[in-house]
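Only one structure is covered here, and it is reproduced in the block below.
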Amino acid sequence: MAARKLSPHELAVHCDAAMLRLDATPAAAPAEIVGQERARSAVEFGIAMRRAGYHLYVMGPPGSGKRSLVRRAIDAHLAQNGAHRNDWVYVNNFDAPHRPIALQLAPGRGAQLRDHMRALVEELRSTIPAAFESEEYAAELERLNTDFKERAERGLLEVSSEAQKNGLLMIRTPVGFTFAPQKGSEVMSPQDFEALPQEERARLQQAVQQLQDRLVHVLRESMRLRKEHADRLRTLNRSTTQLAVDHAVEETKARYADVPAVTAYLEAVRAAVIDNADAFRSREDGDAQAAAAQQGELARYEVNLLVDAGGSDGAPIVDADLPSYQNLIGRVDHIAHFGMLVTDFRHIKAGLLHRADGGYLLIDAIKLLTQPFAWAALKRALLRSEIRIESMAEMFSMVSTVQLEPQPIPLDVKVVLFGERAVCQLLQDVDPEFDELFRVVADMDDDLPRDGGTQRTLAQALTAQMRDKALLPPSAEALAGLIDHAARRSGDATRLNANVRMLLDVAVEADHLARGAARTQLDAADVAAAIAARRARAGRVDGRVRQAMLRDILAIATAGERVGQVNGLAAYEAGGETFGAPSRISATTRLGDGQVVDIQRETRLAGPVHAKGVLILSSFLAARFSRFQPHSIIGSLVFEQTYGLIEGDSASLAELVALMSSICDVPVRQALAVTGSVDQFGNVQAVGAVDAKLEGFFDLCAARGLDGTHGAIVPHSNATMLMLRDEVLQAVAAGRFAVYAVHTVDEALELLTGLPCGDATRPRDDTVNGRIAKRLREYAELRSGTRRVKRRGPSRAAPAAGSGRGTS
Amino acid sequence: VSDAPARAAAQVLALLDDAACGAALLELASPLARVLQRELSVVYVESARSLVAAALPCTQVLAHSGLQWMPLQPGDVEQGFRAHEARLRELTARIALRDALHWSLRVVRGNLGEAAARLQSESDLLLLAHAPPLQPRSSRTAPQPRRPPVVATLGDGDDASRRALQVATQLARALQGVVQVAHIDTVARLPEQPDRLRALAHCDVLVLPRATLDAVTLALLRCPVLLVG
């Protein structure tokens, strides 16, 4: 089989604008996503599956419509099945205020409960004071106080009276109670007391002793009376409060009879109000501090509406813009109060998980993973199926303030992560829980098959989205231009890049140009200009490299012949665009032990794939020419004037050609550039970015002047993928440039050397393979000592790199 | 020419002894002084009988805060007087500051009745209270609602009782309270009616013409008394 010169129509496949024009009327509901059937099926399955652990990871290139695909699937599922969401509120736990209680209610009833509790408190603020200001209460209170006073005083009066009967006075001193002998209505003086007979003094002492015991008993009894009085007052207050509270609470309870948790809470409210009725009594003394304290006490009966599914949180799809730890699981705020940070159930704030409960939470994987602790918090919530608000500061013992422990809320959410494949693979590799939670992985294709159907669908999707963005209406030719660009970006004329957003960006820029030219329609020229402008914006490095080649700072020969030197082709990305440039690959050979030294690899300027390519070509050489003799050469390969990392095996064909040229001293045409990888049998294999590589060499040759000798050699399997620029096609059509497709290294060698390669197993001496075989046979004999060297000249023993005819 | 009438109309005299109800009495006296734009003059009466009792051999005292009888010496009583005076001074300063009053506090020794008689020329408004042996206290767990203070007075139609009613009305206004008037045939025969006296003792303050009461009758009253005239 011989190398094939490709005709102009094989170098690009253009979309037929006429085919698009037939479908000028847009579909009723144009698809936002083109193709992606596998991913679509996976997403629909993941959305519909409500079992635990079936969360989704949707991966694919940016702009491929991952979010649109998921949103459409969710919308379709919701339209069929509806959303099952709930309101959530936090209320005070009167037994343990640091553990607020979570209550679940039907959508809309959370706000109702909040309003009903406000109304209840307002009602109690009027009914409780009214009950305490009633005549009945005042009369009963007076009765209790009077009774207590009389009973308390009675004992002391009896002691005092008993003392007087014994000739003693009970006196209240600043230190306490005492008894002293009485004379008249006053205390007996010490002199009078000393003058009393001994028996009388003894009697008085004895009476004092007895009265002291009795007074102690009376005072002890007064303590009991005081407690009894307090109990009676408390009972009176409770019963007075209860009268006012019962009616109001029962009325509220009746509204929530179907929610046992709420009725239980209202019972707790009833008990708390009765125990703390004083908080409901209005402060009339204008004491601001007391009024604030009262507000604080009444705040215990407020309702913190965390999730208002019937109102502001009604949408069942939550798109997490900033999935930080606190934004995910919620937080507990603190407020400064007299220099202290305090909090209560009212300061619990909902997180994204709360708002998405019963629905769907969409998160960008990278945003999630770059937020400290957020990934772990999300996993914990999904594994436990509950949202437990935990303060990070408390988790790491960074604060000593009292924190809340809100009752966890059961979680029923479908989480959809969006991200790159690499992120998914990383999570699968390092986190065993990832596969346990995200069992559905939807993989969006990078590109789509290119046929009439997909082109039409893509055109419809683009038209619809351009209309949504209020862009100028595109002509069929403009749409065809965009579709061609999609094919070119996919690197394969038979496929379309799935990055619709990128095409829309081009359309937006083309719209800008068209409006600048006062046009009312987007034409193919606008699209082409926008694409060219994009490349121009990103082409600073490309321009500098080409200038360096034109000034021979980077030595790339595009004419003449050289031994052991081939123009390889490399591609690189800059500013989102792919550029290509030729690279001078050189090889030298000498007598040795069968090694091929990859200088790039030795200097750690080549990646493993490149090293693999060199080893393969080395193996090919040995297998073809030294099966029955020692492989007695050492070859050295290098990318001249490269200073960065080289990766990939797309230069292995060029390297092999350079090596073979060096072995047999046959010069290689510098007007041709080569790309392609080789296998161990010398077959040429497909490589990537052929368009950019080829166009890079074309641009250099065009700048130096195309004379019909210039061209490029590409793998045959790449021939159907080409989407070359119109400029290249025109040059090929004019015979000023050529593109050759090759199957084997022999076909490439024949093109590059102008000599036949001959039979690989029994080559004639005037063929390339014959020359190589002869040279290697000579090396083997020299190495084994059966042959002596005859010095003929420097080019034989040590061929100068790049020797031959040519200009650069 | 004596300036006694002018001085008598310039201050409200509050007499206190060792009773624990000093704060309540000052809370009555201070608003009254504010309303009448008078100076508040507080007199602390140190009980002479306490000193005498402490001087007796083997006298023991039961401290307010405990249930153990301890020996009582005159020095303990003197120390108690000083502590009580300091407490009264601090209390008076705080209450008078709130009502923006000029105030003074002095100490006399004797008993409340005698002191009242001795100081009657200094003011036509003399507020005093014999401490009940034991004051009922409200429990913290059962707060009592605030009811309007009750200012009681007696009325038999004579000038003295009319003057007492006038002061009672002013005091009730100052306290945001109510006035209760008990009509009797003659105020002068009040000491002969112990039941009526006991009934009156449940008010917050009793306003009486000064001439009505002697020291013995005064000692029977268990509520603060404002003597007018």
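Residue numbers start from 1 in every chain, and the chains themselves are labelled A, B, ... in the order their sequence lines are given, proteins ahead of strands.
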Handout entry: chain B contact via Q191(A) - which portion, at a heavy-atom distance below 4.5 Å
Key = neither
Exercise for the section: Could you tell me whether E122(A) and R118(A) make a salt bridge, using a distance below 4.0 angstrom between a side-chain N and a carboxylate O? Expected result: no
Practice task
May I ask you to test the K149(A)-T146(A) pair for a side-chain heavy-atom distance under 4.5 Å?
Solution key: no
Exercise for the section: For the residue pair H229(A) and N145(A), confirm or rule out a side-chain donor-acceptor distance under 3.5 Å. Expected result: yes
Exercise for the section: Evaluate the criterion side-chain hydrogen bond (donor to acceptor under 3.5 Å, both in side chains) for residue pair N92(A) and Y265(A); output intermediate values, then yes/no. Expected result: CA-CA 9 Å; N92(A) 187 35; Y265(A) 165 67; over 6 Å; no
Exercise for the section: State, to 0.1 Å, how close F193(A) and Q205(A) come at their nearest heavy-atom pair, and which atoms those are. Expected result: CZ-NE2, 4.2 Å
Practice task
Could you tell me which residues satisfy ring-ring contact (aromatic ring centres under 6.0 Å, His included) with Y44(B), sequence neighbours excluded, listed by chain and number?
Solution key: H84(B)
Practice task
With a 4.5 angstrom heavy-atom cut-off, could you sort out which part of E150(A) is near chain B: side chain, backbone, both or neither?
Solution key: side chain
Practice task
Go through the structure and list residues passing ring-ring contact (aromatic ring centres under 6.0 Å, His included) with Y301(A), not counting sequence neighbours.
Solution key: F94(A), F280(A)
Practice task
Enumerate by number any residue of residues 86-106 of chain B whose heavy atoms lie under 4.5 Å from heavy atoms of chain A; in the absence of such residues, state 'none'.
Solution key: none
Problem - Residues of residues 243-253 of chain A contacting chain B, heavy-atom criterion under 4.5 Å, by residue number - result: none
Handout entry: Short side-chain donor-acceptor distance under 3.5 Å, Q170(B) and R173(B)
Key = no
Practice task
Tell me, out of Q79(B), E46(B), Q60(B), who's got the most heavy-atom pairs with chain A below 4.5 Å.
Solution key: Q60(B)
Exercise for the section: Quick one: closest heavy-atom pair of G184(A) and Q182(A), and the distance? Expected result: O-NE2, 3.0 Å
Problem - Side chain D76(B), main chain L72(B), donor-acceptor under 3.5 Å - result: no
Exercise for the section: Could you tell me whether the side chain of F132(A) reaches within less than 4.5 Å of the side chain of L141(A), counting heavy atoms only? Expected result: no
